[in-house]
Protein chains: 2
Amino acid sequence: MTAREADTALGAAAAALLGDRRLIIVTNRGPITFASAADGSLRPRRGSGGLVTALGQVGRHVPVTWIAAAMTEGDRRAAADPRLLRQVAGDDDAIRLRFASVERSVYEQAYNVIANPFLWFLQHQMWSLPERPVIDAATMRAWHRGYVALNEAFASAVLAQTRADRRPRIMLHDYHLYTAADPIRRARPNAVLSHFTHIPWPPSSIWQNIAPAIREGIAGGLLANDVVGFQTRRYAHNFLRMIESFVPDAKVDYDEWSVRRQRRTIHVRHYPISIDIDATLRVAGSRAARRRADELLGGTRERVIVRVDRLEPSKNILRGFLAYEALLQRHAALRGAISFLAFLVPSRTGLREYGDYGRKVQNAVDGINARFGRAGWRPVQLFYENDYAQALAGLSIADVVLVNPLVDGMNLVAKEAVIVSQRDAVLVLSETAGAFDQMADGALPVAPADVVGTAEALATALAMPVEERQRRLAKLRRGVEREDISWWLRRQLEDLAQLTG
Amino acid sequence: MTAREADTALGAAAAALLGDRRLIIVTNRGPITFASAADGSLRPRRGSGGLVTALGQVGRHVPVTWIAAAMTEGDRRAAADPRLLRQVAGDDDAIRLRFASVERSVYEQAYNVIANPFLWFLQHQMWSLPERPVIDAATMRAWHRGYVALNEAFASAVLAQTRADRRPRIMLHDYHLYTAADPIRRARPNAVLSHFTHIPWPPSSIWQNIAPAIREGIAGGLLANDVVGFQTRRYAHNFLRMIESFVPDAKVDYDEWSVRRQRRTIHVRHYPISIDIDATLRVAGSRAARRRADELLGGTRERVIVRVDRLEPSKNILRGFLAYEALLQRHAALRGAISFLAFLVPSRTGLREYGDYGRKVQNAVDGINARFGRAGWRPVQLFYENDYAQALAGLSIADVVLVNPLVDGMNLVAKEAVIVSQRDAVLVLSETAGAFDQMADGALPVAPADVVGTAEALATALAMPVEERQRRLAKLRRGVEREDISWWLRRQLEDLAQLTG
């Protein structure tokens, strides 16, 4: 399918699902957020992040009403001022932005007690379980009065936007919105509802550790949708098993990937997310990015290993450096002949675990540079900033791209890397990344705790003949081109139309 | 089935499997270990632990050759002196002890690098995964030259004891012996081999983190058996999924609970282990235990909560005390009216994690006693010693027994508690304990991280009318009586005979 054909198919899928309706998209973070300027006026600022980019696409084809949480005071003021929102949307009204607004304290409970430090940690298995989490009275309060209350506010906003429609089409996204479908379903029994979880879905044994009210709230909330989507087949399977374990009145059909409950059928599917290839190439091909790539290359030795990640414990950055250290130790010939460029983006700096982890990463880098570095050669170059163009520039000059997360819903860096590579990069990819399902054939696999194996994979990648590098990269590239962001979106729209038709 | 009938059935099952053979039992820790006395002679000492008690039973019915690791210098000397071993076995030769002996350094690698700090931690999910484990060169060396080498020594010892037999009957036990079946199978293709894992079997996502050589060694090693046994249905299922994930030439049949590989069929079963009821009652009914029960009761207030555990992070002792603290905080009427007796047995004191955890437990206890205690009332009484009779005495006087492990292969305290209770104890039991599968009906369930829910379960238990307590306890007691240690053993012997017949 050419890009134009794909575009047409996406438009057709959207039209088939929606008719003359607007598509309702609901996410925690919206495409635009508002900051108060010095003069008291509100200034819109484009949101970042893959999800916003991905979902923004659909606005090119069908009118979208996008409902996001009011995260800032500016957002809360804008929520109360429809004129302002209209003005931001521009003339074409392609994407109409609306806010779900709750009191700041409610949002704080939902976001800073439940979503990020609890659900994210739980689903990425980031705790030392003998001690954490501790589900105490404060946690339960934050669940009921923060998370569930925010989800009810999202539901109210959806209902307000779809008043005339008995069968609105609504797509809910990610771990902030597990319980929103339930109040929508009660008010609009015929609504067409989907939820997509962007992060991993762990096995039942992990859910079994937490309070029944929370895990049953999540399970029941998701079952109020018509389609429940995940990144991978395994996550979808884990969800089915969770339902079997914790929802006694639900009947799970593993062959059909569906759940029967209260005379409704819920379809469980997987849709691996991807990147907008044109947009990625546009940034990577910009003059600024190309200049930066040249500069970076000027500062490296012959061979270049690159990683790009948020500074995030689940990205397994520490063991990546341990593996590089083992590589230098075992392969003396590489010393002085290789550079490791690590582009790390600041993330959740307010959470203690992230600060602690960042210090350990810095110590590991300092240790390697002190142990192996010499005049004119720094084994690791660390870039700690949010500079997307620079990160793509780095990926473009890599001989080896290391993507070794402990666990990862998908991991788009792996996909960006094969698209922007200018030097036949070899991808070293964790088996536990969602992306591994699609990329196993071309990548070199590693188990995330296996530092020895990761060092060996790096050595194999560096020693690989250019023909094999090209063959692997071409295969990976074809895969990403075939299954891009438009494919991800289209399959969901098609399933929604077909499965609820 | 009466106790006598059960005994007869066990004897018949053993005879059907063995004919005139000896049963070969292989465990890391044997029923007897040797210490060097001051005069240089070797003194046998009876081993402790549930496994030794459980397997010792079978010696009453059929002749057993028991092969254990030489763990001490005394064991190594005894291994070289068959006369000494004969002398220990006594006249009837019911249990013939043999040692698998390897150099101390090899054993240290197997036991103190792989089995305890690695496999135990992995299978009980006791790590903070962003940082541990780190599988480095030392780990891989300990795996190959320690763990696998020790398993080969076990295999050699088995082969030496079964020289004349082309089809010996061999039962391997627990996480020290995952790879022993493989060399036995190669030397004796017709051997009848079973392995039973006493600890939890985690989901594939956990195994996926570690080095392929280790997880494939474990999977392949276990598949050299005819029957692979686990404590619960879920663990058996997790094993099947692991095989599907990591052993490409194996075909998994989920309906038949079997694996087909290299023209052999491997049966995967679950056999929940239990206690020797008579032996338990004998100790609990001893004069010493009854006196101790009276003394303990004399030092408590009206209502008594009891826990008995090794001091072990996976036992979730800390959150148990947090729940008790929440109980006292929310139910002021209980202050001064209740005692929490915690019998904690020292365990693996050489491992840093256990020491750290112990200090946190002590701090939690001190905190509660300081916060709520007053003249004449200590809210928590902590007993830190290995005194089995005292622990049973404690269980016998409990109103509520708290068994809230994070994860636990089975948990025999829950079963002992319902057998020795003199005061209609209510069992508060973690859903994640293996024992929960059999005891869900009578126990009050808790999710291990749910401190609020655990506090509520304790309150519910304390407020429960005596009729309901008796009804629940009677049901639990009938279950344990029906499915006791003899039942556990008999079903394995029967399956082995039938499935390999």
Side-chain angles (χ1 to χ4, degrees), chain A residues 122 124-137 139-140 200 202-215 234 237-238 241 245 254 312-319 322-323 326 329-330 353 357 360 406-407 430-432 445-455, chain B residues 122 124-137 139-140 200 202-215 234 237-238 241 245 254 312-319 322-323 326 329-330 353 357 360 406-407 430-432 445-455:
Chain A
L122 183 81
H124 287 86
Q125 304 186 33
M126 272 162 59
W127 281 310
S128 175
L129 289 174
E131 298 186 34
R132 304 207 29 226
V134 169
I135 299 177
D136 56 13
T139 314
M140 294 313 295
S204 295
S205 60
I206 294 295
W207 294 104
Q208 193 138 32
N209 294 327
I210 67 167
I214 298 181
R215 68 188 183 212
R234 182 192 284 182
H237 178 87
N238 285 346
R241 290 193 69 80
S245 300
Y254 287 96
E312 150 76 49
S314 68
K315 298 295 185 184
N316 205 24
I317 300 163
L318 263 181
R319 289 197 192 84
L322 293 179
Q329 186 179 332
R330 295 156 75 127
E353 290 86 348
Y357 191 74
K360 287 174 186 165
L406 194 56
V407 56
S430 182
E431 301 170 20
T432 52
V446 289
D450 185 8
V451 167
V452 177
T454 305
Chain B
L122 182 81
H124 287 86
Q125 304 185 35
M126 274 162 58
W127 280 311
S128 175
L129 288 174
E131 297 188 33
R132 302 203 33 221
V134 168
I135 299 178
D136 56 12
T139 313
M140 294 313 296
S204 296
S205 60
I206 294 295
W207 295 104
Q208 194 138 31
N209 294 327
I210 68 166
I214 299 180
R215 69 188 183 213
R234 182 191 284 181
H237 179 86
N238 285 346
R241 289 192 69 80
S245 300
Y254 288 98
E312 150 77 49
S314 69
K315 298 295 185 182
N316 205 24
I317 300 163
L318 264 180
R319 289 196 191 83
L322 293 178
Q329 185 180 334
R330 296 156 74 127
E353 289 86 350
Y357 192 74
K360 287 174 186 165
L406 193 57
V407 57
S430 182
E431 300 172 19
T432 52
V446 289
D450 184 7
V451 167
V452 177
T454 305

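Here is the naming used below: chain letters follow the sequence lines, and residue numbers restart at 1 for every chain.
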- [ ] Enter the distance from B:T454:OG1 to A:I135:CD1 here, rounded to the nearest 0.5 Å.
- [x] 9.0 Å
Task: Side chain, backbone, both or neither of A:L322 within contact of chain B (heavy atoms, under 4.5 Å) - done: side chain
Task: Structural part of B:N316 lying under 4.5 Å from a heavy atom of chain A - done: side chain
TODO: Specify the closest pair of heavy atoms between A:A449 and B:P133, including all atoms of both residues, with the distance to one decimal.
DONE: CB-O, 3.5 Å
Task: CG on A:N209 to OG on B:S430, rounded to 0.5 Å - done: 7.5 Å
Task: side chain to side chain donor-acceptor pair (under 3.5 Å) partners of B:E431, counting only residues at least two apart - done: A:Q208, A:R215
- [ ] Look at A:A211, A:A137, A:S204 and state which one has the largest set of heavy-atom pairs under 4.5 Å with chain B.
- [x] A:A211
Open item on the list: Counting only non-hydrogen atoms closer than 4.5 Å, does A:P203 touch chain B with its backbone (N, CA, C, O), its side chain (CB onward), both, or neither?
Closed with: side chain
TODO: Using a 4.5 Å cut-off on heavy atoms from C-beta on, say whether the side chain of B:D450 contacts that of A:P212.
DONE: yes
TODO: Go through the steps to decide whether A:E131 and B:K360 satisfy the test salt bridge (Lys or Arg N to Asp or Glu O under 4.0 Å), and finish with yes or no.
DONE: CA-CA 10 Å; A:E131 298 186 34; B:K360 287 174 186 165; 2.9 Å; yes
TODO: Name the region of A:I206, side chain, backbone, both or neither, that has any atom closer than 4.5 Å to a heavy atom of chain B.
DONE: side chain
Open item on the list: Quick check on A:A326 against chain B: is it the side chain, the backbone, both or neither that has a heavy atom closer than 4.5 Å?
Closed with: neither
Open item on the list: How long is the straight-line distance from CZ of A:R241 back to CZ of B:R234, given to the nearest 0.5 Å?
Closed with: 8.0 Å
Task: Among the listed options B:K315, B:R330, B:R132, the residue most often paired with chain A at heavy-atom distances under 4.5 Å - done: B:R132
Task: Within-4.5 Å side-chain heavy-atom neighbours: A:S128 and B:E353 - done: no
Open item on the list: Is there a side-chain contact between A:L406 and B:P130 in this structure, where contact means two heavy atoms from C-beta onward sitting under 4.5 Å apart?
Closed with: yes
TODO: Identify which part of B:M126 has an atom lying under 4.5 Å from any heavy atom of chain A, answering side chain, backbone, both or neither.
DONE: both
Open item on the list: On a heavy-atom basis, which atom in B:V452 and which in A:D136 lie closest, and how many Å separate them?
Closed with: CG2-C, 3.1 Å
Task: B:L318, part contacting chain A, at a heavy-atom distance under 4.5 Å - done: side chain
